[in-house]
Every structure is written in C-alpha cells, then in structure tokens.
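What follows is one structure encoded as structure tokens, with my remarks underneath.
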Amino acid sequence: MSFSEQERAAQILEKEFGPRWKQIVQELGTRELRQRVGKELTSFMAFPERGSGGNNKWRGNCSLEVVRAILRYVLDCKHYYGKQTQDFTLLDPMSGSGTSQAAAQSLGVRSLLYDLNPTPACGIGGWDALRDEVDDSADLIFLHPPYHNLIPYSGNMWGAPHKDDLSRCSSYPEFVDKLNYIVQKLFMALRRDGRLAVLVGDIRTKGSFYSMQHDLIRVGAMEAFIVKGQYNCVSDTRTYKKPFIPVVTEYLLLFHKNDSLLIPLAARRASVVDLRSEDSPALTWHHLIRLTMEELGGRAKLSDLGDRLASHPKAKKNPHFRDRIRATVYEHPGQYISCGNGFYALNYAVA
C-alpha cells in the first residue's frame, strides 16, 4: 500500500469512527497474530485499548487484559487436566494500583496482593520482596517489576525513597541480581503445577541498552515466551535526532513448576574473550589477521603482523606461523589489498 493510499484510508477511518480510529486499526492489524488456531492467547499479545481495572494514571501499569489472559490460560490448563480450582489463588507481589485484583475478580478467583508501598490501592502494604517472607502460596504468581530506574516509585509515585525499592538500585547489575533473587523466592512460593508469569521490558537509557528478559534467571520449565506490544508510552510524543531503535515491546515469560522440590535453574553467564591473547575454536587465521589489521588502522606489513602475533596461542602452536600468515593473506586476495613494499591494506575503511 502506497503512502498516499494510507493517508486516504486514515482520513476515511477518522471521518467514520472519530478519535478511536487508530485503536480500531491497531486491534484489527494485530488480530491475526493475537488469535490463532482457535486460541485467544498466542506468543504475541497487544491491547491498544487498556480496558478497566487498576489505575491507568499509575505509570508503568499494565493492562488488566494481560493478567486476565494469563490467568484464563492457567485456569484452562487446570480444567483440561482435571485439576481442582476451588482454592485457586493468584498472587501479585508488586501490585501497584491493583490491576491483578480486578483481573481475578472478573474470573471469580481469589487474589492476594503485596506491595512495598505502605498504603497501596489494595492488598498488603509495606511488604519488602527482598526481606519479607512470602507467607502465602499460589497457583499463579504475576510479577511486573520496575524496569530498573525508568520510573522511580518510592519518593515519586508514593512516600519517601526506600532502600529496597528496585527502581532505586544504583546500577543495572545490582537491579538484575536483586530481581533474580526475588524471582527464585517467588518460585518457591508456588504450589506444585503452579505458574510464575514475569512481565519485563527492554531498557534504553543514556546511550546504553539493557534487556531484562535476556538477563532474567530461568526457573522451572519455561512454558511460554510472549511478546507484548506497547502503546501510549510517554516517549511516543517525543522525537530524537540520534539514530536508535525505539523499544515498542515487552516480554512475558511463563515458568511452570512441575516438581515441589526439584527446581531447574538457568542463569546467564557473561564473559569477555580477549582475542589478542586467547584462542577460540571459532577464530580462524584469516579473521585473526583481519582483526589485528583493524587494530593497526587497516594497513600493515606482513613482518609487523608476524611480530604482533608471535605471542598468540595460534602462533605458539605453529612453528611456521609467519608462513601461515603470508599464505592466509595470499588465499584471500579480495580481502587484503597489496600496497607494495610488503604492505597490505584491508578492503574497507576501518571505523
């Protein structure tokens, strides 16, 4: 569809449906992703119209439809496999404005809400996820934590700054460590056959990008990874000159507890490989030479490359490494351009 056709369609829809035309288009545009094979919940969810429940003025609050969709799915699983649901309990340990309670009430199940805020909209206030015991157990725990310091809660949305408020962590690594501890703690509070749903997002701030879902610990059996579209963000009204990729999605990770005492755990392990002094099965002579030439500005003598790489593990394993360097350069004539007098240059400008 051409740009002019899109503009004409927008004008027609706005004339027909008024201010709600964009939401109607968003609903229709995502329907085929949101509903497949007779299922109302897929690996993509989007709710352009937030719906009722909770307080839409509470920053960072998710739609009631997100909680209700997961809750309905877990109840369907219980019914399908013949499990009882008469004492089914939904627990929200960071309940904010009380959206989870409204979702639970709409499906007729019991809910328990905790929050660090001493005077929350509903539920138990002053509950510290880092220090306090999870007194209750639950069949579904819905966790929607702060996204590091994007929105400070204590001292901003409520009360005075609190030392255990995740949105007040001094660094992203500190935030992730504390969040992963809380995730494990909450998983322990699940009943057997329970689910832990964690809604997280990506963070782009001060030139850095952090992915919460990437850094989140995996607990139990991972049952689903759901991408959620974001709408009506504060940043949507701004424009930026610097090139970057805007964050327009969140992620809901669903973990299943199959065993009471046997808990699978998987945590991300980060490391840095220094190719100047370390070898790797994935590192060939060609790319070792190419990357070394980048370090030298994109141009070097073969003899200088030999001197530079003499102490590298690859060279130590090959007594004829200088011959190997020369042969490699000759084997890739399109990558290394002869400049004469023993000098070679890369076929591109080094950034």
Side-chain angles (χ1 to χ4, degrees), residues 43 148 169-177 179-180 183-184 200-219 221-222 225 227 240-249 251 253 255 264-351:
S43 61
H148 187 208
C169 289
S170 60
S171 68
Y172 180 74
E174 177 194 349
F175 166 75
V176 168
D177 286 346
L179 175 60
N180 282 337
V183 166
Q184 294 176 73
V200 294
D202 292 330
I203 302 166
R204 189 181 297 283
T205 178
K206 297 179 180 178
S208 297
F209 175 80
Y210 307 100
S211 179
M212 289 175 64
Q213 64 83 15
H214 183 254
D215 297 323
L216 191 74
I217 193 169
R218 270 50 173 168
V219 287
M222 192 165 185
F225 182 97
V227 178
Y240 305 85
K241 291 183 179 180
K242 182 180 178 180
F244 73 99
I245 300 174
V247 175
V248 297
T249 53
Y251 309 95
L253 288 73
F255 303 107
L265 297 174
R268 175 176 174 254
R269 182 178 177 181
S271 63
V272 176
V273 178
D274 186 350
L275 296 178
R276 294 169 296 187
S277 58
E278 299 177 53
D279 201 0
S280 165
L283 181 65
T284 63
W285 269 107
H286 167 43
H287 289 296
L288 176 59
I289 292 167
R290 183 183 63 79
L291 296 172
T292 302
M293 287 185 69
E294 282 193 351
E295 285 287 293
L296 295 171
R299 189 173 183 271
K301 259 188 168 183
L302 292 183
S303 58
D304 292 338
L305 284 171
D307 293 342
R308 185 85 169 213
L309 295 173
S311 61
H312 194 275
K314 279 191 184 298
K316 290 181 177 179
K317 289 185 288 187
N318 185 348
H320 306 292
F321 72 90
R322 291 181 184 273
D323 294 335
R324 181 66 262 170
I325 292 172
R326 183 180 299 105
T328 301
V329 170
Y330 292 164
E331 289 164 3
H332 299 273
Q335 305 300 314
Y336 306 104
I337 310 303
S338 176
C339 302
N341 298 321
F343 279 94
Y344 284 83
L346 295 173
N347 68 345
Y348 59 90
V350 177

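As a basis for the values below, the full set of heavy atoms in this structure was taken, side chains included, without hydrogen atoms, waters or symmetry mates.
- Note that the OH atom of Tyr172 and the CG atom of Asp177 stand 10.0 Å from one another [nearest 0.5 Å].
- Not one N or O on the side chain of His312 forms a donor-acceptor pair closer than 3.5 Å with the backbone of Asp279.
- Around the CZ atom of Arg276, the shell of radius 6.0 Å holds no more than 12 heavy atoms that belong to other residues, nucleotides or ligands.
- What you find for Leu288 and Leu283 is that their closest heavy atoms are N-CD1, 3.8 Å.
- Contact annotation: the side chain of Tyr210 never approaches that of Val176 to less than 4.5 Å [non-hydrogen atoms, C-beta and beyond].
- The two atoms that bring Tyr348 and Glu294 nearest to each other are OH-OE2, 2.5 Å, heavy atoms only.
- Nearest heavy-atom pair across Thr328 and His286 is CG2-CA, 3.5 Å.
- Note that CG of Leu253 and CE of Met212 are 10.0 Å apart. Values are rounded to the nearest 0.5 Å.
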Intermediate values then yes/no, side chain to side chain contact (heavy atoms under 4.5 Å, CB included), Lys301 and Asp307: CA-CA 10 Å; Lys301 259 188 168 183; Asp307 293 342; over 6 Å; no
Quick one, Phe321 with Lys314, criterion side chain to side chain contact (heavy atoms under 4.5 Å, CB included). Give me CA distance, side-chain angles, the key distance, then yes/no. CA-CA 8 Å; Phe321 72 90; Lys314 279 191 184 298; over 6 Å; no
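- Under the 3.5 Å distance criterion, the side-chain polar atoms of Asn180 are matched with a main-chain donor or acceptor of Ile217.
- Heavy atoms of other residues, nucleotides or ligands lying less than 6.0 angstrom from CG of Asn341 number 12 at most.
- Residues Ser211 and Asp202 come closest through the heavy atom pair OG-OD1, 2.9 Å.
- Using a 4.5 Å heavy-atom threshold, the side chains of Leu346 and Arg290 count as touching.
- One finds the CG atom of Asn318 at 14.0 Å from the NZ atom of Lys316 (value rounded to the nearest 0.5 Å).
- Of the inter-residue distances, the one linking Met293 atom CE with Arg308 atom CZ reads 12.0 Å to the nearest 0.5 angstrom.
- Looking only at side-chain heavy atoms (C-beta outward), Arg326 and Leu305 stay at 4.5 Å or farther from each other.
- With values rounded to the nearest 0.5 angstrom, Leu296 atom CG is found 12.0 Å from Ile289 atom CD1.
- For the pair Ala315 and Ala310, the tightest heavy-atom approach, listed with the atom from each and the gap, is CB-O, 3.7 Å.
- No side-chain donor-acceptor contact under 3.5 Å links Tyr251 and His214.
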The test is side chain to side chain contact (heavy atoms under 4.5 Å, CB included); show your working for Leu302 and Tyr344 and say whether it passes. CA-CA 7 Å; Leu302 292 183; Tyr344 284 83; 3.8 Å; yes
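- Of all heavy-atom pairs between Arg218 and Leu216, the closest is NH1-O, 2.9 Å.
- Side-chain atoms of Arg204 come within 3.5 Å of backbone atoms of Ile245 as a donor-acceptor pair (strictly under, hydrogens ignored).
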Does Glu331 form a salt bridge (Lys or Arg N to Asp or Glu O under 4.0 Å) with Arg324? I'd like the steps, not just the answer. CA-CA 10 Å; Glu331 289 164 3; Arg324 181 66 262 170; 2.8 Å; yes
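- The cationic group of Arg299 lies under 6.0 Å from the six-membered ring centre of Phe343 and within 45° of the ring axis, placing it in a cation-pi geometry.
- Relative orientation of the His148 and Phe175 rings is tilted, given thresholds of 30° and 60° on the angle between their planes.
- Tyr336 and His332 have perpendicular rings, their planes meeting at more than 60° on a 0 to 90° scale where under 30° would count as parallel.
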